[in-house]
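Chain identifiers are assigned alphabetically (A, B, ...) following the order of the sequence lines, protein sequences preceding nucleic acid strands; residue numbering begins at 1 within each chain. Because the structure is predicted, anything quoted here is derived from the model rather than measured.
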Amino acid sequence: MAALLEASNLEAYYGWSKVLHGLRFAVEKDKVTVVLGANGAGKTTLLRAISGMIRTGGEIRFAGERIDGQAPEDIVRRGIAHVPEGRGTFINLTVEENLRLGAYVRKDKTGIREDLDRVFHFFPVLKEKSRNPAGVLSGGEQQMLALARGLMLRPRLLLLDEPSLGLAPVLVMELFRIVRAINESEGVTVLLVEQDAVAALELAHQAYLLETGSIVTSGPAAELRENDSIRRSYLGY
Amino acid sequence: MAALLQQIVSGLSTGGVYASLALALVLIYQATGVVNFAQGEMAMFTTYLAWTMINAGWPYWAAFAATLAIAFAAGVLIERVIIRPVENAPVLTIVMVSIGLLTIFNSIAGWIYTYTVKPFPSPFPSTPINLGPTTISLQDLGVGGVSLFVLVVMYVFFRHTTLGLAMRAVVENPVGSRLVGIRVGWMLALGWGLASLVGAVAGMLVAPLVFLEPNMMSGILIYAFASATLGGFNSAGGAVLGGFLMGVIENLVGTYVTFIGTELKLTVALAVILLTLLIKPTGLFGRVAVSRV
Ligand SMILES: Nc1ncnc2c1ncn2[C@@H]1O[C@H](COP(=O)(O)OP(=O)(O)OP(=O)(O)O)[C@@H](O)[C@H]1O
Ligand SMILES: [Mg+2]
């Protein structure tokens, strides 16, 4: 099993305070990996560390090459799309402009055109509202836009920060179904951080459990679903 | 009636100058959140460069184009070297830096070129031409036309190119911009470059009217402030419209409110600023950012 992304002894800092304490994890190619954790566990920080937004220690390898210490602008160019917490939407720009920004680092004009049609196919509502300012979209539509913007990079790795946040359960199911479809049909590797453990474990192949900046459990998602202590504290049944 | 139309038409011409400088102010305001008080002096200084080239025998339009190129490069350089280090500093610090720049450009211009007023050539003859009930001089038409042309080019750039889109994205959401791969620092520098460029256009167009001297832009800058305030500091299109409006207002008030005359024109600009801030602080076209919580 080939790892597309590997981190070892990963630490992350806000100023002088250390938030991640030496993590080791791997994201397998073509798979969906989820990192579960409660509020403040460090999920967002983990993604920020990967995309170069904060100071880190340890090592991060993407497709075999070190990427830790690089700037976000350069990490995107390697094919890592980060859909951040709060979705990173440009609310005063139109839906289509948001999507075009997702493909900002690409040079293949015809490919971009094709991908625009492709995401409109996945998310018909975005096509309908392509000329509207993104700020007028509903929360669910904005989440779709954020995901679609990430796809416009034609990424090798897609980082998703709590896409379920603020969405009704049916919408979460719908969104995760699309993420699964993208993963399967487009060969996009996904690293998802989530609090909604039920839905996320349903979607993912591999799972990690993060508590106050350390990984406490990991394994195939199916196994974690059966794990008693996880069931009690995260799945609630 | 014809006289009124006359005043409006010639107001639109100077309005183009105010619009250009107002756009320059707005470009930097949107990128950095502060008003660049040195905008007028930067325009003045580049106009001196044009004057130097023309005096050295360059054809007018060659000097014009070269000046735009220099202005653009200088704007980029100023951002990279002087503004960048204070980018994340409190607003007051950046304001002080821009006032510092103003003083520096003013004294350097005075030092090199002295404070003696110099004539600056116009590429347009002052021949009047008839437009229906009103006449307009080729000079006015040229000034209005050139500024309008530059403004349209800017519009097309911001609306229809990827680089323009990236610059708008940076203004709105720098962090999100970095995540899609935009080099934010360079976009800010580019904003300064373009602002400096449109400012230079304003300087060269207005210099034949106000004559060339180190303080030539101070009155124009106040009018540009008024334009941007009137149209809305967070709306580039609004500021441009505000510029044309101010040109017309200036002319009408100067002509019809006789006790104001030409001496008190600056008061008009200040009154517009004050009234806008009292009645509609965001300006005519300014918007409060839409956002969902
Ligand atoms: N910008 C910041 N500056 C300082 N500390 C921060 C910052 N962002 C997060 N932290 C701290 O880092 C820790 C991890 O935060 P993080 O945002 O990664 O958690 P999270 O798992 O994403 O939580 P949530 O589910 O609420 O989004 C928390 O203790 C938080 O207080
Ligand atoms: Mg988070």
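By the 6.0 Å contact criterion, CZ on B:F105 is enclosed, its count of non-hydrogen atoms from other residues, nucleotides or ligands being greater than 12. When the shell of 6.0 Å around NE2 of A:H121 is examined, it contains 12 or fewer heavy atoms from other residues, nucleotides or ligands. Remark: B:F149 CZ is loosely packed, at most 12 non-hydrogen atoms of other residues, nucleotides or ligands lying under 6.0 Å away.
Along residues 171-179 of chain A, no residue comes nearer than 4.5 angstrom to chain B, judged on non-hydrogen atoms. Heavy-atom neighbours of chain B within the stretch residues 56-87 of chain A, taken at a separation under 4.5 angstrom, comprise A:A71, A:P72, A:E73, A:D74, A:V76, A:R77, A:H82, A:P84. Scanning residues 161-182 of chain B against chain A with a 4.5 Å non-hydrogen threshold yields B:T162, B:L163, B:L165, B:A166, B:R168, B:A169, B:E172, B:N173, B:V175, B:G176, B:S177, B:R178, B:L179, B:V180, B:G181, B:I182, sorted by number.
Looking at A:M152, neither its backbone nor its side chain comes within 4.5 Å of chain B, counting heavy atoms on both sides. For A:L101, the parts lying under 4.5 angstrom from a heavy atom of chain B are both the backbone and the side chain.
With sequence neighbours excluded, the residues forming a side-chain hydrogen bond (donor to acceptor under 3.5 Å, both in side chains) with A:D108 are A:R106, listed by chain and number.
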